[in-house]
Enquirer: 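One structure coming up, written as C-alpha coordinates, with questions to follow.
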Amino acid sequence: MTSPFGRTAAEQAAKQIREKSGVEVPEIGIVLGSGLGGLASDIEDAVTIPFAEIPGFPSATVMGHAGSVVCGLIAGKRVVALAGRFHMYEGHSPQLAAFPVRVMYALGARTYFASNAAGGIRRDLEAGDLMMIEDHLNLTGVNPLTGPVEDTDERFPDMTAPYDEDLRALMKSCAGRLGLSVKSGVYAWLPGPSFETKAEVRMLERLGADAVGMSTVPEVIVARAMGMCVAGISCIANAASGVGGSPVLHADVLDVTARAAAGFQSLVREFIAALPAK
Ligand code: HPA
(Lines give C-alpha, C1' and ligand atoms only; values in the text may rest on other atoms or scores of the structure.)
Protein backbone atom coordinates (compact mmCIF):
# COMPACT_ATOMS: atom_id res chain seq x y z
CA MET A 1 0.00 0.00 0.00
CA THR A 2 1.41 3.44 -0.86
CA SER A 3 1.09 6.05 1.86
CA PRO A 4 -0.72 9.30 0.92
CA PHE A 5 2.31 11.14 2.31
CA GLY A 6 5.09 8.82 1.26
CA ARG A 7 7.77 8.89 -1.42
CA THR A 8 5.46 8.43 -4.44
CA ALA A 9 3.14 11.25 -3.36
CA ALA A 10 6.17 13.45 -2.65
CA GLU A 11 7.53 12.81 -6.13
CA GLN A 12 4.19 13.80 -7.68
CA ALA A 13 4.15 17.04 -5.67
CA ALA A 14 7.79 17.70 -6.60
CA LYS A 15 7.00 17.16 -10.30
CA GLN A 16 4.25 19.78 -10.11
CA ILE A 17 6.55 22.26 -8.32
CA ARG A 18 9.30 21.63 -10.88
CA GLU A 19 6.91 22.18 -13.78
CA LYS A 20 5.41 25.36 -12.34
CA SER A 21 8.67 26.92 -11.17
CA GLY A 22 11.18 25.57 -13.67
CA VAL A 23 13.32 25.15 -10.57
CA GLU A 24 16.56 23.23 -10.77
CA VAL A 25 17.64 21.21 -7.76
CA PRO A 26 17.41 23.40 -4.64
CA GLU A 27 20.45 23.43 -2.34
CA ILE A 28 18.29 23.89 0.72
CA GLY A 29 14.68 23.48 1.78
CA ILE A 30 13.35 25.90 4.39
CA VAL A 31 10.13 25.92 6.40
CA LEU A 32 9.15 29.35 7.70
CA GLY A 33 7.41 29.32 11.07
CA SER A 34 4.66 31.56 12.46
CA GLY A 35 5.41 35.22 11.81
CA LEU A 36 8.63 34.38 9.94
CA GLY A 37 7.11 34.19 6.44
CA GLY A 38 8.72 37.54 5.51
CA LEU A 39 11.84 35.66 4.43
CA ALA A 40 9.89 34.62 1.34
CA SER A 41 10.08 38.21 0.09
CA ASP A 42 13.92 38.01 0.21
CA ILE A 43 13.82 35.28 -2.42
CA GLU A 44 14.90 36.54 -5.83
CA ASP A 45 13.38 35.34 -9.10
CA ALA A 46 10.66 33.93 -6.88
CA VAL A 47 7.93 31.66 -8.16
CA THR A 48 5.12 31.29 -5.60
CA ILE A 49 2.85 28.28 -5.70
CA PRO A 50 -0.16 28.17 -3.34
CA PHE A 51 -0.45 24.93 -1.34
CA ALA A 52 -3.83 24.34 -3.01
CA GLU A 53 -2.09 23.85 -6.37
CA ILE A 54 0.24 21.13 -5.10
CA PRO A 55 -1.02 17.54 -5.13
CA GLY A 56 -1.13 16.08 -1.62
CA PHE A 57 -1.11 19.48 0.13
CA PRO A 58 -4.26 20.62 1.96
CA SER A 59 -4.63 24.41 2.15
CA ALA A 60 -3.26 26.02 5.34
CA THR A 61 -5.85 27.47 7.67
CA VAL A 62 -4.25 29.10 10.67
CA MET A 63 -3.68 32.84 10.76
CA GLY A 64 -0.01 33.67 10.34
CA HIS A 65 0.54 30.85 7.86
CA ALA A 66 0.38 32.08 4.29
CA GLY A 67 0.39 28.62 2.76
CA SER A 68 2.62 28.63 -0.29
CA VAL A 69 5.80 27.16 -1.67
CA VAL A 70 8.29 29.76 -2.89
CA CYS A 71 11.13 28.74 -5.21
CA GLY A 72 14.00 31.01 -6.18
CA LEU A 73 17.40 32.29 -5.12
CA ILE A 74 18.88 33.54 -1.87
CA ALA A 75 22.48 34.80 -2.07
CA GLY A 76 22.76 33.13 -5.47
CA LYS A 77 21.74 29.70 -4.15
CA ARG A 78 18.61 27.82 -5.19
CA VAL A 79 16.11 27.48 -2.36
CA VAL A 80 12.65 26.05 -1.89
CA ALA A 81 10.79 27.64 1.02
CA LEU A 82 7.46 26.82 2.60
CA ALA A 83 5.60 29.80 3.97
CA GLY A 84 3.31 27.86 6.32
CA ARG A 85 3.25 24.27 7.48
CA PHE A 86 0.84 21.51 8.55
CA HIS A 87 0.36 21.01 12.27
CA MET A 88 -1.08 18.16 14.27
CA TYR A 89 -3.36 20.64 16.05
CA GLU A 90 -5.15 21.24 12.76
CA GLY A 91 -6.06 17.58 12.79
CA HIS A 92 -3.23 16.53 10.49
CA SER A 93 -1.23 13.36 10.93
CA PRO A 94 2.48 13.56 11.76
CA GLN A 95 3.04 11.99 8.31
CA LEU A 96 1.41 15.02 6.65
CA ALA A 97 3.26 17.40 8.99
CA ALA A 98 6.50 15.93 7.61
CA PHE A 99 5.34 15.59 3.98
CA PRO A 100 6.81 18.91 2.75
CA VAL A 101 10.27 17.65 3.74
CA ARG A 102 9.73 14.56 1.60
CA VAL A 103 8.80 16.90 -1.26
CA MET A 104 11.99 18.95 -0.74
CA TYR A 105 13.99 15.73 -0.79
CA ALA A 106 12.22 14.63 -3.99
CA LEU A 107 13.20 18.00 -5.53
CA GLY A 108 16.80 17.15 -4.69
CA ALA A 109 17.43 19.22 -1.53
CA ARG A 110 19.73 17.46 0.93
CA THR A 111 19.83 20.22 3.55
CA TYR A 112 16.75 21.11 5.58
CA PHE A 113 16.34 24.31 7.60
CA ALA A 114 13.45 24.46 10.06
CA SER A 115 12.17 27.57 11.80
CA ASN A 116 9.40 28.04 14.31
CA ALA A 117 8.01 30.22 17.05
CA ALA A 118 8.43 28.79 20.54
CA GLY A 119 7.82 29.61 24.16
CA GLY A 120 10.99 30.20 26.20
CA ILE A 121 11.44 28.01 29.26
CA ARG A 122 15.10 28.58 30.15
CA ARG A 123 15.35 31.83 32.09
CA ASP A 124 17.86 33.52 29.78
CA LEU A 125 15.59 33.07 26.75
CA GLU A 126 13.64 36.25 26.19
CA ALA A 127 10.89 37.18 23.77
CA GLY A 128 12.55 38.12 20.49
CA ASP A 129 15.62 35.90 20.99
CA LEU A 130 16.76 33.46 18.32
CA MET A 131 17.63 29.97 19.59
CA MET A 132 19.50 27.43 17.47
CA ILE A 133 17.93 24.05 18.06
CA GLU A 134 20.62 21.70 19.36
CA ASP A 135 18.33 18.77 20.16
CA HIS A 136 14.66 17.98 20.68
CA LEU A 137 12.18 16.13 22.84
CA ASN A 138 9.30 14.41 21.07
CA LEU A 139 6.60 14.45 23.75
CA THR A 140 3.61 13.78 21.51
CA GLY A 141 3.72 9.99 21.67
CA VAL A 142 3.52 9.82 17.87
CA ASN A 143 6.16 9.46 15.17
CA PRO A 144 5.93 10.36 11.46
CA LEU A 145 7.80 7.17 10.52
CA THR A 146 5.07 4.91 11.93
CA GLY A 147 3.82 2.59 9.19
CA PRO A 148 5.44 0.85 6.25
CA VAL A 149 9.02 1.98 5.66
CA GLU A 150 9.60 4.20 2.61
CA ASP A 151 12.51 3.17 0.43
CA THR A 152 14.10 6.62 0.92
CA ASP A 153 14.14 6.04 4.69
CA GLU A 154 16.14 4.30 7.35
CA ARG A 155 13.75 2.13 9.37
CA PHE A 156 15.48 2.99 12.67
CA PRO A 157 17.27 6.31 12.11
CA ASP A 158 20.01 7.32 14.51
CA MET A 159 18.95 10.39 16.47
CA THR A 160 22.09 11.06 18.51
CA ALA A 161 22.79 14.25 16.52
CA PRO A 162 19.70 15.26 14.52
CA TYR A 163 20.80 18.91 14.25
CA ASP A 164 24.06 18.98 12.33
CA GLU A 165 27.00 20.21 14.37
CA ASP A 166 28.83 21.76 11.41
CA LEU A 167 25.72 23.67 10.35
CA ARG A 168 25.30 24.95 13.89
CA ALA A 169 28.92 26.10 13.99
CA LEU A 170 28.41 27.81 10.61
CA MET A 171 25.28 29.55 11.87
CA LYS A 172 27.06 30.71 14.99
CA SER A 173 29.88 32.24 12.93
CA CYS A 174 27.32 33.91 10.61
CA ALA A 175 25.54 35.39 13.63
CA GLY A 176 28.90 36.65 14.95
CA ARG A 177 29.67 38.38 11.64
CA LEU A 178 26.25 40.07 11.74
CA GLY A 179 26.63 41.10 15.39
CA LEU A 180 23.50 39.07 16.22
CA SER A 181 23.24 37.19 19.46
CA VAL A 182 22.00 33.65 18.90
CA LYS A 183 21.39 31.26 21.78
CA SER A 184 21.14 27.50 21.65
CA GLY A 185 18.86 24.96 23.30
CA VAL A 186 16.56 21.95 23.36
CA TYR A 187 13.12 22.23 21.71
CA ALA A 188 10.21 20.21 23.08
CA TRP A 189 7.40 19.24 20.72
CA LEU A 190 3.88 19.09 22.16
CA PRO A 191 0.75 18.67 20.04
CA GLY A 192 -1.12 21.82 21.18
CA PRO A 193 -3.25 23.70 20.31
CA SER A 194 -3.75 24.78 23.92
CA PHE A 195 -0.65 26.42 25.34
CA GLU A 196 0.91 24.68 28.33
CA THR A 197 -0.17 24.95 31.93
CA LYS A 198 2.37 26.23 34.43
CA ALA A 199 2.72 22.69 35.82
CA GLU A 200 3.43 21.38 32.33
CA VAL A 201 6.15 23.97 31.84
CA ARG A 202 7.72 23.02 35.20
CA MET A 203 7.65 19.41 34.01
CA LEU A 204 9.24 20.36 30.66
CA GLU A 205 11.99 22.25 32.44
CA ARG A 206 12.81 19.17 34.53
CA LEU A 207 12.83 17.04 31.39
CA GLY A 208 15.54 19.23 29.87
CA ALA A 209 13.51 21.45 27.53
CA ASP A 210 14.68 25.02 26.93
CA ALA A 211 11.79 25.98 24.65
CA VAL A 212 8.43 24.51 23.68
CA GLY A 213 6.39 24.52 20.50
CA MET A 214 3.94 22.64 18.31
CA SER A 215 5.89 21.82 15.16
CA THR A 216 9.24 21.03 13.51
CA VAL A 217 10.07 17.70 15.15
CA PRO A 218 8.12 15.46 12.72
CA GLU A 219 9.84 17.23 9.81
CA VAL A 220 13.25 16.73 11.38
CA ILE A 221 12.63 13.05 12.12
CA VAL A 222 11.70 12.40 8.48
CA ALA A 223 14.60 14.53 7.20
CA ARG A 224 17.01 12.46 9.29
CA ALA A 225 15.42 9.19 8.18
CA MET A 226 16.22 10.26 4.60
CA GLY A 227 19.76 11.30 5.57
CA MET A 228 19.29 15.05 5.14
CA CYS A 229 21.50 17.52 7.02
CA VAL A 230 19.32 19.54 9.40
CA ALA A 231 19.53 22.98 11.00
CA GLY A 232 16.80 24.68 13.02
CA ILE A 233 16.03 28.01 14.65
CA SER A 234 13.34 28.83 17.18
CA CYS A 235 12.23 32.39 17.50
CA ILE A 236 11.37 32.80 21.16
CA ALA A 237 7.99 34.49 20.96
CA ASN A 238 7.10 34.60 24.65
CA ALA A 239 8.04 33.37 28.06
CA ALA A 240 6.33 29.98 28.43
CA SER A 241 3.42 29.67 30.82
CA GLY A 242 4.45 30.55 34.38
CA VAL A 243 7.95 31.66 33.33
CA GLY A 244 6.90 35.27 32.79
CA GLY A 245 4.00 36.73 34.68
CA SER A 246 1.67 37.09 31.70
CA PRO A 247 -0.78 34.87 29.86
CA VAL A 248 0.46 33.27 26.63
CA LEU A 249 -1.42 34.78 23.69
CA HIS A 250 -1.21 33.82 20.01
CA ALA A 251 -1.43 37.50 19.00
CA ASP A 252 1.76 38.21 21.00
CA VAL A 253 3.47 35.24 19.35
CA LEU A 254 2.83 36.73 15.89
CA ASP A 255 3.72 40.23 17.00
CA VAL A 256 7.06 39.29 18.59
CA THR A 257 8.13 36.97 15.77
CA ALA A 258 7.30 39.67 13.24
CA ARG A 259 9.63 42.00 15.16
CA ALA A 260 12.39 39.38 15.41
CA ALA A 261 12.00 38.53 11.73
CA ALA A 262 14.59 41.06 10.50
CA GLY A 263 17.39 39.40 12.49
CA PHE A 264 16.15 35.97 11.49
CA GLN A 265 16.10 36.93 7.81
CA SER A 266 19.60 38.38 7.80
CA LEU A 267 20.91 35.31 9.63
CA VAL A 268 19.31 32.89 7.16
CA ARG A 269 20.65 34.87 4.19
CA GLU A 270 24.18 34.93 5.63
CA PHE A 271 23.93 31.24 6.46
CA ILE A 272 22.80 30.28 2.95
CA ALA A 273 25.53 32.42 1.41
CA ALA A 274 28.09 30.61 3.58
CA LEU A 275 26.83 27.08 2.90
CA PRO A 276 29.54 25.07 1.21
CA ALA A 277 28.67 24.32 -2.43
CA LYS A 278 27.44 20.75 -2.89
N1 HPA B 1 4.03 27.11 23.83
C2 HPA B 1 3.87 26.32 22.75
N3 HPA B 1 4.04 26.76 21.51
C4 HPA B 1 4.38 28.05 21.34
C5 HPA B 1 4.55 28.92 22.41
C6 HPA B 1 4.37 28.43 23.73
O7 HPA B 1 4.51 29.14 24.75
N8 HPA B 1 4.89 30.14 21.89
C9 HPA B 1 4.92 29.98 20.54
N10 HPA B 1 4.60 28.72 20.20
Side-chain angles (χ1 to χ4, degrees), residues 30-39 60-67 82-92 94 97-98 113-142 144 163 182-221 232-265 267-268:
I30 310 171
V31 169
L32 302 171
S34 301
L36 300 173
L39 181 73
T61 48
V62 176
M63 218 172 54
H65 297 270
L82 244 78
R85 53 154 64 92
F86 308 116
H87 299 89
M88 287 217 333
Y89 62 72
E90 294 165 282
H92 301 311
F113 190 107
S115 67
N116 59 47
I121 298 175
R122 207 176 65 215
R123 306 298 142 147
D124 68 304
L125 291 170
E126 287 169 26
D129 279 352
L130 297 176
M131 182 193 89
M132 276 192 302
I133 306 177
E134 63 184 45
D135 207 345
H136 70 228
L137 293 167
N138 175 5
L139 299 174
T140 61
V142 296
Y163 301 86
V182 173
K183 294 172 180 168
S184 176
V186 174
Y187 175 88
W189 176 35
L190 288 183
S194 51
F195 288 117
E196 301 69 38
T197 64
K198 291 182 199 168
E200 284 163 348
V201 169
R202 284 198 301 274
M203 171 190 77
L204 292 171
E205 189 170 19
R206 283 174 196 158
L207 293 178
D210 298 309
V212 55
M214 306 174 191
S215 69
T216 303
V217 170
E219 299 148 26
V220 171
I221 292 173
I233 288 262
S234 289
C235 175
I236 303 301
N238 55 279
S241 171
V243 173
S246 1
V248 179
L249 304 173
H250 185 58
D252 294 344
V253 169
L254 294 181
D255 187 45
V256 171
T257 46
R259 280 188 279 126
F264 169 78
Q265 283 171 225
L267 179 60
V268 175

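In each ligand, atom 1 is the first atom listed, and ligand 1 is the first ligand listed.
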Enquirer: Measure the distance from atom 2 (C) of ligand 1 to every protein heavy atom, then report the residue, atom name and distance (to 0.1 Å) of the closest one.
Expert: E196 OE2, 3.2 Å

Enquirer: Between E196 and S241, is there a side-chain donor-acceptor contact under 3.5 Å, judged purely by atom types and distance?
Expert: no

Enquirer: Could you tell me if the side chain of V212 sits less than 4.5 Å from the side chain of I121, heavy atoms only?
Expert: yes

Enquirer: Which of the numbered atoms in ligand 1 are under 4.0 angstrom from any heavy atom belonging to V253?
Expert: 8 (N), 9 (C)

Enquirer: Side chain, backbone, both or neither: which part of S241 comes within less than 4.0 Å of ligand 1 when only heavy atoms are counted?
Expert: neither

Enquirer: Taking only heavy atoms of G119 into account, list the atoms of ligand 1 that are under 4.0 Å away from them.
Expert: 4 (C), 5 (C), 6 (C), 7 (O), 8 (N), 9 (C)

Enquirer: Which of the atoms in ligand 1, numbered in the order shown and given with their element, are less than 4.0 Å from a heavy-atom of A117?
Expert: 9 (C), 10 (N)

Enquirer: Using a 4.0 Å cutoff against the non-hydrogen atoms of V248, which atoms of ligand 1 qualify?
Expert: 7 (O)

Enquirer: Looking at R123 and E205, is there a salt bridge between them, counting it only when a charged N and a carboxylate O are closer than 4.0 Å?
Expert: yes

Enquirer: Start with the C-alpha distance between V186 and E134, add both sets of side-chain angles, then the distance that settles side chain to side chain contact (heavy atoms under 4.5 Å, CB included), and finish with yes or no.
Expert: CA-CA 6 Å; V186 174; E134 63 184 45; 4.2 Å; yes

Enquirer: With a cut-off of 4.0 Å, which atoms of ligand 1 are near a heavy atom of M214?
Expert: 2 (C), 3 (N)

Enquirer: Quick check: does any side chain N or O of T257 sit under 3.5 Å from a backbone N or O of S34, one acting as donor and the other as acceptor?
Expert: yes

Enquirer: Just by modelled atom types, is the S215 backbone N or O under 3.5 Å from a matching donor or acceptor in the Y187 side chain?
Expert: yes

Enquirer: With heavy-atom distances below 4.0 Å as the criterion, list the atoms of ligand 1 near G213.
Expert: 2 (C), 3 (N)

Enquirer: Looking at atom 8 (N) of ligand 1, what's its closest protein heavy atom, distance included?
Expert: N238 OD1, 2.7 Å

Enquirer: With the side chain counted from C-beta on, respond yes when I133 and N116 share a heavy-atom pair under 4.5 Å apart, and no when they do not.
Expert: yes

